[in-house]
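Here is the structure we will look at, set down as structure tokens.
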Amino acid sequence: MLETSARLLRLLSLLQTPRDWTGTELAERLEVSARTIRNDVERLRALGYPVNATRGSVGGYRLGAGADLPPLLLDDEEAVAVAIGLRTAAGGTIAGVEETSLRALAKLEQVLPSRLRRRVNALQAYTVPVPRDEPGPRVTAETLTVLTACCRDREVLRFGYRTHDGSESVRKVEPYRLVNWGRRWYLVAWDLDRGDWRTFRVDRLTPRIPTGPRFTARELPEDVTDRVRRGVSSAAWRYRADVTVHASAEEVTARINPAVGTVEAVDANTCVLHTGADSIETMAVHLGMLNVPFRVTEPPRLVDYLRELADRYRDATG
């Protein structure tokens, strides 16, 4: 039989599993009596752990949320996953969480067993991140907290918004989902002034507090990831192009990153790539990497740049 302290830790570990445990189940797991389980539950409550109990045939014990954050028990894989997540957050795209993540990581690594600390340190020592071509847009943790709370509570949100051309406006929306796409965050919402679904770059918006009244949820028209993908691939970019590609839509779709564009089939051997980018040079790179014949007629700047690029490559091999 386990000693009292060890038994309490084992009981706490079981209760942290998101399910209801009957007293009989817990007693069998810990090889003690149901009375001992009741006493141990009271000990955990005295230590600040909110153990909820329900009666009846489907009742049982479950660890709830309390006013203070009690210590958590993590198994080996969970501890490694949390440590990796904290290190990733320390260098991520959410501003203001770097120092907090490092503090939490320091506390975690201090109590990690040596076998787990070696695994985490090995991942850091032998993993080399590729430097980004350009600094990605960053959002604050406070902004994400406000947006997710409005999505959860179904509260109307007003915010200042800056479009890609620099124009400013104030928007009033019913927020539904946040989507993290690469280095950017997007908000999918129903625009009350325009009466339609819209996708907003989170790094370009500034929430207005307090939030508005609650709203009745609408049915999302489609998968939010697909909606963001199309928005990122077209209207969000500074330059756009519809490129005729002499290959099947399936082949082109398999060759591109979803953020590069969307593909529309014309026939079995032809499709149109709706693409965009913040620079003409980036669009040219994407098209060159298709490795299949294509034809571009607009925008004129892209056509001129492709001709210039073709001459440059020809001179380089002449």
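Position 1 is the first residue of the sequence; numbering continues from there.
With salt bridges taken as basic N to acidic carboxylate O contacts below 4.0 Å, one links D40 and R7. Between D20 and R62 a salt bridge is recorded (basic side-chain N to carboxylate O distance below 4.0 Å). Using a cutoff of 4.0 Å between basic side-chain nitrogens and carboxylate oxygens, R29 and E25 are not scored as salt-bridged. Ion pairing of E308 with R312 is present here, as a side-chain N (NZ or NE/NH1/NH2) and a carboxylate O approach within less than 4.0 Å. A salt bridge links R201 with D203: the closest approach of a Lys/Arg side-chain nitrogen to an acidic carboxylate oxygen falls below 4.0 angstrom. One finds a salt bridge joining R115 and D76 here, because a Lys/Arg side-chain nitrogen approaches an Asp/Glu carboxylate oxygen to under 4.0 Å. A salt bridge does not link R301 with E281: none of the charged nitrogens is closer than 4.0 Å to a carboxylate oxygen.
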### Task
Evaluate the criterion side chain to side chain contact (heavy atoms under 4.5 Å, CB included) for residue pair K172 and V156; output intermediate values, then yes/no.
CA-CA 7 Å; K172 185 178 179 182; V156 172; 3.8 Å; yes
### Query
Given the rule in the side chain to side chain contact (heavy atoms under 4.5 Å, CB included) test, do T143 and T140 qualify, once you have shown the distances and angles that lead to the verdict?
CA-CA 5 Å; T143 296; T140 65; 2.8 Å; yes
### Query
Stepwise, does the salt bridge (Lys or Arg N to Asp or Glu O under 4.0 Å) test hold for E31 with R10?
CA-CA 11 Å; E31 299 179 351; R10 176 61 178 149; over 6 Å; no
### Task
Please step through side chain to side chain contact (heavy atoms under 4.5 Å, CB included) for the pair D196 and R198, ending with a clear verdict.
CA-CA 6 Å; D196 197 4; R198 291 289 189 271; 3.2 Å; yes
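Distance alone, capped at 3.5 Å, is enough to place a donor-acceptor pair between the T54 side chain and the G60 backbone. A donor-acceptor pair is defined here as one N or O able to donate and one able to accept, closer than 3.5 Å; no such pair exists between the side chain of S13 and the backbone of L9. Proximity of a side-chain donor or acceptor of R171 to a complementary backbone N or O of R158 within less than 3.5 Å is not detected. Checked by atom type and distance alone, the side chain of T253 pairs as donor or acceptor with a backbone atom of A249 at under 3.5 Å. Between the side chain of T317 and the backbone N or O of R314, at least one donor-acceptor pair lies under 3.5 Å.
Classified by interplanar angle (parallel below 30°, tilted 30° to 60°, perpendicular above 60°), the ring pair W190/W197 is perpendicular.
Annotation: side chain of R255 is in contact with side chain of V292 (closest heavy-atom distance under 4.5 Å). Within the 4.5 Å cutoff, side-chain heavy atoms of L290 are placed close to those of L273. Taking 4.5 Å as the limit, some side-chain heavy atom of R208 sits within range of a side-chain heavy atom of V170. Using a 4.5 Å cut-off on side-chain heavy atoms (C-beta onward), L63 and Y49 make contact. Looking at V202 and L147, their side chains come closer than 4.5 Å, going by heavy atoms from C-beta outward. At a threshold of 4.5 Å between non-hydrogen side-chain atoms, the residues L26 and L15 count as touching. Residues E174 and L192 have side chains in contact (heavy-atom distance under 4.5 Å, counting atoms from C-beta outward). Side-chain contact check for V303 versus E298: every heavy-atom pair is 4.5 Å or farther apart.
Remark: aromatic rings of Y239 and Y305 are distant, center separation not under 6.0 Å. In summary, the aromatic rings of F200 and Y161 are positioned with their centroids under 6.0 Å apart.
Atom CG in L44 sits 11.5 Å away from atom CG in N39 (nearest 0.5 Å). With values rounded to the nearest 0.5 angstrom, D304 atom CG is found 9.0 Å from L306 atom CG. L302 CG to R307 CZ: the interatomic distance, rounded to the nearest 0.5 Å, is 10.5 Å. Here the OG1 atom belonging to T297 is positioned 8.0 Å from the CG atom belonging to D242, to the nearest 0.5 angstrom.
Taking both residues in full, the closest heavy atoms of F159 and L187 are given as CE2-CD2, 4.3 Å, listed atom of the first, atom of the second, then distance.
Residue pairs that meet the salt bridge (Lys or Arg N to Asp or Glu O under 4.0 Å) test with at least one member in residues 145-154, sequence neighbours left out, do not exist here.
Under the 3.5 Å distance criterion, with hydrogens and angles disregarded, a donor-acceptor pair is assigned to the side chains of D267 and T270.
Both F294 and V252 sit in one connected hydrophobic cluster of ILVMFWY residues. Membership requires side-chain heavy atoms under 4.5 Å apart, directly or through other members.
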